[in-house]
Amino acid sequence: MCTTPGRATGMLRLHSRGSKFVKFQEIRIQEMSDQVPIGHVPRSVLLHVSGELTSTCSPGDLTTIHGIFLPLANTGFHAMKAGLIADTYILALDIIQHKKKYSEYQPSEEVLQQVRDFVSEPQVYD
(Lines give C-alpha, C1' and ligand atoms only; values in the text may rest on other atoms or scores of the structure.)
Protein backbone atom coordinates (compact mmCIF):
# COMPACT_ATOMS: atom_id res chain seq x y z
CA MET A 1 0.00 0.00 0.00
CA CYS A 2 1.49 3.34 -1.06
CA THR A 3 1.10 6.00 1.67
CA THR A 4 3.31 8.80 0.28
CA PRO A 5 1.48 12.17 0.36
CA GLY A 6 0.63 13.59 -3.06
CA ARG A 7 0.71 10.17 -4.72
CA ALA A 8 -2.10 7.89 -5.78
CA THR A 9 -3.01 5.30 -3.19
CA GLY A 10 -3.75 1.68 -3.85
CA MET A 11 -2.28 -1.77 -4.01
CA LEU A 12 0.64 -2.61 -6.28
CA ARG A 13 -0.05 -5.63 -8.45
CA LEU A 14 2.22 -7.67 -10.69
CA HIS A 15 1.08 -7.85 -14.31
CA SER A 16 2.97 -10.84 -15.65
CA ARG A 17 1.57 -10.33 -19.16
CA GLY A 18 3.28 -6.98 -19.48
CA SER A 19 6.48 -8.10 -17.73
CA LYS A 20 9.62 -9.54 -19.22
CA PHE A 21 11.42 -12.08 -17.03
CA VAL A 22 15.15 -12.46 -17.61
CA LYS A 23 17.50 -14.99 -16.04
CA PHE A 24 19.97 -13.23 -13.74
CA GLN A 25 22.91 -14.44 -11.65
CA GLU A 26 25.30 -12.63 -9.35
CA ILE A 27 28.75 -14.26 -9.13
CA ARG A 28 31.73 -13.33 -6.98
CA ILE A 29 34.99 -14.14 -8.80
CA GLN A 30 38.39 -14.33 -7.14
CA GLU A 31 41.95 -14.43 -8.40
CA MET A 32 43.72 -17.78 -8.35
CA SER A 33 45.73 -18.74 -5.28
CA ASP A 34 48.99 -19.19 -7.24
CA GLN A 35 48.77 -15.54 -8.39
CA VAL A 36 48.39 -14.13 -4.85
CA PRO A 37 51.59 -13.02 -3.10
CA ILE A 38 52.41 -14.94 0.09
CA GLY A 39 50.58 -13.48 3.10
CA HIS A 40 48.05 -11.50 1.04
CA VAL A 41 44.29 -11.99 0.70
CA PRO A 42 42.98 -12.84 -2.81
CA ARG A 43 41.11 -9.98 -4.47
CA SER A 44 37.55 -10.53 -5.62
CA VAL A 45 34.99 -8.67 -7.71
CA LEU A 46 31.23 -8.95 -8.25
CA LEU A 47 30.00 -10.18 -11.64
CA HIS A 48 26.46 -9.67 -13.00
CA VAL A 49 25.39 -12.29 -15.55
CA SER A 50 22.09 -12.37 -17.43
CA GLY A 51 20.39 -14.33 -20.18
CA GLU A 52 22.04 -17.40 -21.67
CA LEU A 53 25.31 -16.82 -19.78
CA THR A 54 23.71 -17.80 -16.45
CA SER A 55 24.78 -21.18 -15.04
CA THR A 56 27.72 -21.45 -17.46
CA CYS A 57 30.37 -21.65 -14.74
CA SER A 58 30.59 -23.48 -11.43
CA PRO A 59 32.71 -22.88 -8.32
CA GLY A 60 36.36 -23.67 -8.99
CA ASP A 61 36.18 -23.20 -12.77
CA LEU A 62 38.99 -21.42 -14.59
CA THR A 63 37.34 -18.78 -16.80
CA THR A 64 38.04 -15.69 -18.85
CA ILE A 65 35.34 -13.04 -18.62
CA HIS A 66 34.77 -10.19 -21.06
CA GLY A 67 32.59 -7.39 -19.77
CA ILE A 68 32.10 -3.79 -18.75
CA PHE A 69 33.48 -2.47 -15.45
CA LEU A 70 30.70 -0.33 -13.91
CA PRO A 71 30.02 1.54 -10.66
CA LEU A 72 27.28 0.28 -8.34
CA ALA A 73 25.13 3.13 -7.05
CA ASN A 74 24.83 3.29 -3.27
CA THR A 75 21.39 4.16 -1.92
CA GLY A 76 19.89 5.07 1.43
CA PHE A 77 21.97 5.32 4.60
CA HIS A 78 24.84 3.41 2.98
CA ALA A 79 25.22 6.25 0.43
CA MET A 80 25.51 8.88 3.19
CA LYS A 81 28.02 6.76 5.11
CA ALA A 82 30.18 5.87 2.08
CA GLY A 83 30.54 9.41 0.73
CA LEU A 84 32.15 9.48 -2.72
CA ILE A 85 33.31 5.88 -2.58
CA ALA A 86 31.33 3.58 -4.92
CA ASP A 87 31.26 -0.19 -5.20
CA THR A 88 31.97 -1.68 -8.60
CA TYR A 89 30.92 -4.73 -10.58
CA ILE A 90 31.50 -6.29 -14.01
CA LEU A 91 28.58 -6.69 -16.41
CA ALA A 92 29.48 -9.94 -18.20
CA LEU A 93 29.20 -10.02 -21.99
CA ASP A 94 31.03 -13.30 -22.62
CA ILE A 95 32.37 -16.14 -20.44
CA ILE A 96 35.00 -18.54 -21.77
CA GLN A 97 35.69 -21.73 -19.81
CA HIS A 98 39.22 -23.11 -20.03
CA LYS A 99 38.42 -26.50 -18.50
CA LYS A 100 35.46 -28.51 -19.74
CA LYS A 101 33.04 -30.26 -17.43
CA TYR A 102 33.27 -34.05 -17.33
CA SER A 103 29.84 -34.45 -18.93
CA GLU A 104 30.95 -32.30 -21.92
CA TYR A 105 34.30 -34.07 -22.43
CA GLN A 106 34.70 -35.84 -25.78
CA PRO A 107 37.83 -38.04 -25.86
CA SER A 108 39.90 -38.10 -29.04
CA GLU A 109 40.42 -41.28 -31.05
CA GLU A 110 44.00 -41.51 -29.72
CA VAL A 111 42.78 -41.52 -26.11
CA LEU A 112 40.11 -44.12 -26.91
CA GLN A 113 42.75 -46.37 -28.51
CA GLN A 114 44.97 -46.09 -25.41
CA VAL A 115 42.02 -47.13 -23.23
CA ARG A 116 41.29 -50.11 -25.52
CA ASP A 117 44.94 -51.20 -25.37
CA PHE A 118 44.97 -50.92 -21.59
CA VAL A 119 41.76 -52.94 -21.21
CA SER A 120 43.03 -55.72 -23.51
CA GLU A 121 46.06 -56.44 -21.28
CA PRO A 122 45.42 -59.67 -19.28
CA GLN A 123 47.34 -58.62 -16.14
CA VAL A 124 46.34 -55.00 -15.66
CA TYR A 125 47.12 -54.84 -11.93
CA ASP A 126 50.55 -56.54 -12.06
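T88 pairs by the side-chain contact (heavy atoms from CB on, under 4.5 Å) definition with F69, not counting sequence neighbours. Shown here are the side-chain contact (heavy atoms from CB on, under 4.5 Å) partners of R43, two or more places apart in sequence or in another chain: E31. Checked against side-chain contact (heavy atoms from CB on, under 4.5 Å), Q114 has the following partners two or more places apart in sequence or in another chain: E110. Residues passing the side-chain contact (heavy atoms from CB on, under 4.5 Å) test with I29, sequence neighbours excluded: I27, V45, L47, I65.
Looking at heavy atoms from C-beta onward, T63 lies out of side-chain contact with I96 at the 4.5 angstrom threshold. Q97 has its side chain out of reach of T64: every pair of non-hydrogen atoms, C-beta onward, lies at least 4.5 Å apart. L14 has its side chain within reach of S19: a pair of non-hydrogen atoms, C-beta onward, lies under 4.5 Å apart.
Under the 4.5 Å side-chain heavy-atom criterion for ILVMFWY residues, no single connected hydrophobic cluster contains both L112 and V119.
Distance check, rounded to the nearest 0.5 Å: SG of C57 to CG of L62 gives 11.0 Å. The line from OG1 of T54 to NZ of K23 is 4.0 Å long, rounded to the nearest 0.5 Å. Separating the OG atom in S55 from the CD atom in Q25 is a distance of 5.0 Å, to the nearest 0.5 Å.
For residues 12-39, every residue pair satisfying the ring pair (Phe, Tyr, Trp, His ring centres under 6.0 Å) rule, not counting sequence neighbours, is listed here: F24-H48.
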| request: Would you sort out whether L70 and I90 count as a side-chain contact (heavy atoms from CB on, under 4.5 Å), showing the intermediate values? | output: CA-CA 6 Å; L70 296 169; I90 297 175; over 6 Å; no
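Taking both residues in full, the closest heavy atoms of E26 and L46 are given as CG-CD1, 3.6 Å, listed atom of the first, atom of the second, then distance. I95 approaches L53 most closely through the heavy-atom pair N-CD2, 4.1 Å.
Grouped by direct or indirect side-chain proximity (heavy atoms under 4.5 Å, Ile/Leu/Val/Met/Phe/Trp/Tyr only), V22 sits alone.
Between E121 and R116 there is no salt bridge, since none of the side-chain N atoms of the basic residue sits less than 4.0 Å from a carboxylate O of the acidic one.
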